[in-house]
2 protein chains.
Amino acid sequence: MSPTEKTRPTGHDRLRGSVLAGDLSFLLARANALTLAAANAALAEHGLKARSYSVLALAADDVRPTQRELAEFLRLDPSQVVALIDGLERRQLVERRTDPADRRANVLVATDVGRALFIRAQESARAVELGLLATVPPEDHERLAHLLRTAAGLSRPLP
Amino acid sequence: MSPTEKTRPTGHDRLRGSVLAGDLSFLLARANALTLAAANAALAEHGLKARSYSVLALAADDVRPTQRELAEFLRLDPSQVVALIDGLERRQLVERRTDPADRRANVLVATDVGRALFIRAQESARAVELGLLATVPPEDHERLAHLLRTAAGLSRPLP
DNA sequence: CACGATCCATTGAAGAAGTCAATTATTGAC
DNA sequence: GTCAATAATTGACTTCTTCAATGGATCGTG
C-alpha cells in the first residue's frame, strides 16, 4: 500500500510546475542570476567581477570604446562606468586616453598588464561558459548563442 | 569619391564585433537587462515590478510556497522575500498563512484581489514576452524556452 | 519526554549597485 | 562668435544585496 505519497517534492519540484516557470522573462532572470554568480566566483581569483571583466575585455580588444559607448553596450549609467574604470585604472590594467577626434571623450585601452590579466581571466570565464553549455546538447550551442545574441539586441541586421 | 569612409559605425556596431559579444554570460546579462527593463516598465501600471510580479504569480498559482521556497526559487535572500511580501500584503494582494504542517513556516496565498490583479498583470507580462520572441523565428520559440529552462536549472530531470 | 541541533522568518546594519540632476569642458550648427 | 547638444564627472539619494543575530518551532536522539 503506497501511503498516499503526498511526496512533498522538495518544494522546488512543486514550484517548477508553476506558470512562472514558463515565463521567459523569469527564466532569463534566473539563468542570468545563476550564471552571474558563477562568473563572479570564477573571476574573483583575478580580482574581477563580471562587470569589470566586461570592461577589461572591451579595452583589451582594441576596439577603443568611449565611456559612453561602454555605458550603452553594458547597459549601465555613465556614472557607473566612471567608477568601474577608476577601479581598473587604479590597478593599472587600463588607461583613459582622450579621443583625438573628440577631446570631450575618453577612449579606453588596456595596458600590457591588463592584457595579460585578461588572458588569464578569460580562461576562468570560459570555464563558466562551458559549465553553462554542459547542460545543452552540443549541436544546440551555436543556436543558443544566436538566440541570446538576438535577445540581447546584438544580432547582425543582415549587412 | 567615397571619402575613405572611416564609417564610425555608431560605436555600437564596432563593439558588437568584440570578443565580449561572443560571451554567453555577457549575452545572457544583456538580454536580461533589456527584458527586465521592459518588464518593469510594463508592470509599472499595476504597481508591480518583475520581482513582485513573480511572487504574486506563485501565490496566485495555488502552489502554496513557503517563504524559503520562494527565496530559493527566485534566487533571493530570505530577508528580501520578507520585504517583497510585506509590500504585497500591505496592498492586500497576498496573505501569509502559517503552514499547518510546520508552524515555523508561512505559506503564501493570493487574495481574490491579488488574483484579479495577477490576471491583468499577466497580460502586460505576456506583451513583454511577445516582444522578446518577436525577433526569434516562431519555430524556435519552444527551443528557446527549453534552453532557458535548462540554463535556469529548471528542466525536468526526466521522471 | 527532554535535550540540543537545525530550520523558518524576521530584523538591522553595512556595503554595493542603480538612478538622477547639476557641472565643466568641448563640440558642432548656424 | 553664439548657442544648443554632448562626454565625463560628481554628489545625493534610493534601492538591492549580503550577512549576522534573534525568537519561535521542529526534529532526532537518547
Side-chain angles (χ1 to χ4, degrees), chain A residues 8 10-12 15 29-30 32-34 36-37 39-41 43-44 47-55 59 64-90 94-109, chain B residues 8 10-12 15 29-30 32-34 36-37 39-41 43-44 47-55 59 64-90 94-109:
Chain A
R8 187 188 309 277
T10 71
H12 206 89
L15 270 50
R30 194 174 205 270
N32 180 55
L34 292 169
L36 183 62
N40 282 337
L43 292 168
L48 296 173
K49 297 189 181 188
R51 285 282 167 79
S52 40
Y53 172 78
S54 297
V55 173
R64 298 180 95 79
T66 68
Q67 295 184 205
R68 169 151 290 282
E69 288 169 345
L70 281 173
E72 195 180 343
F73 198 62
L74 302 178
R75 299 249 108 206
L76 296 175
D77 189 270
S79 63
Q80 291 181 274
V81 175
V82 170
L84 234 22
I85 296 181
D86 282 350
L88 293 173
E89 202 170 34
R90 226 177 286 117
V94 114
E95 280 178 16
R96 283 181 239 239
R97 291 229 244 275
T98 80
D99 186 345
D102 182 348
R103 298 215 312 284
R104 289 170 301 181
N106 294 331
V107 134
L108 197 68
V109 297
Chain B
R8 187 189 307 279
T10 70
H12 206 90
L15 270 51
R30 193 174 205 271
N32 180 54
L34 292 169
L36 184 62
N40 282 338
L43 291 169
L48 296 172
K49 298 188 180 189
R51 286 281 167 79
S52 41
Y53 172 79
S54 296
V55 173
R64 298 180 94 79
T66 68
Q67 295 184 206
R68 169 150 290 283
E69 288 168 344
L70 282 173
E72 195 180 342
F73 198 62
L74 303 178
R75 299 251 109 204
L76 297 174
D77 188 272
S79 63
Q80 291 180 275
V81 175
V82 170
L84 233 22
I85 297 181
D86 282 350
L88 293 173
E89 202 170 33
R90 227 177 284 117
V94 300
E95 282 178 16
R96 283 181 238 241
R97 291 229 244 275
T98 79
D99 186 345
D102 182 348
R103 297 216 312 285
R104 287 172 302 181
N106 292 332
V107 134
L108 197 68
V109 297

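In what follows, chains are A, B, ... by sequence order, proteins preceding strands, each numbered from 1.
Between the side chain of A:Arg30 and the backbone N or O of B:Phe73, at least one donor-acceptor pair lies under 3.5 Å. A distance-only check finds no donor-acceptor pair linking the side chain of A:Arg68 to the backbone of A:Pro78 [under 3.5 Å]. Under a 3.5 Å cut-off, the side chain of B:Asn40 and the backbone N or O of B:Ala50 do form a donor-acceptor pair.
Distance CG (A:Asp99) to C1' (C:dT27): 12 Å, rounded to an integer number of Å. The CZ atom of A:Arg68 sits 4 Å away from the P atom of D:dA7 (whole-angstrom rounding). Per the geometry, CZ belonging to A:Arg97 stands 18 Å off C1' belonging to D:dA8, to the nearest Å. With rounding to whole Å, B:Ile85 atom CD1 is found 11 Å from C:dT10 atom C1'. Look at CG on A:Leu74: it is 14 Å from P on C:dA17, rounded to the nearest Å. The separation between B:Asp102 atom CG and C:dT6 atom P is 17 Å, rounded to whole Å. The separation between A:Leu84 atom CG and D:dA8 atom P is 14 Å, rounded to whole Å. Taking atom CZ on A:Arg104 and atom P on C:dG28, their separation rounds to 6 Å, with Å as the unit.
The shortest distance between the side-chain N/O atoms of A:Arg103 and the OP1/OP2 oxygens of D:dA7 is not below 4.0 Å.
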Heavy atoms under 4.0 Å is the rule here; annotate nucleotides 10-23 of chain D 5' to 3' with B where the base is hit, S where only the sugar-phosphate is, and - elsewhere. B-----SSBB----
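The two atoms that bring A:Pro65 and B:Leu15 nearest to each other are CB-CD1, 4.0 Å, heavy atoms only.
In terms of the side-chain contact (heavy atoms from CB on, under 4.5 Å) criterion, residue partners of B:Ile85 (sequence neighbours excluded) are, by chain and number, B:Val55, B:Gln67, B:Leu70, B:Val81, B:Val94, B:Arg96, B:Leu108. Taking the salt bridge (charged side-chain N to carboxylate O under 4.0 Å, His left out) definition, one finds that A:Arg97 meets it with A:Glu95, sequence neighbours left out.
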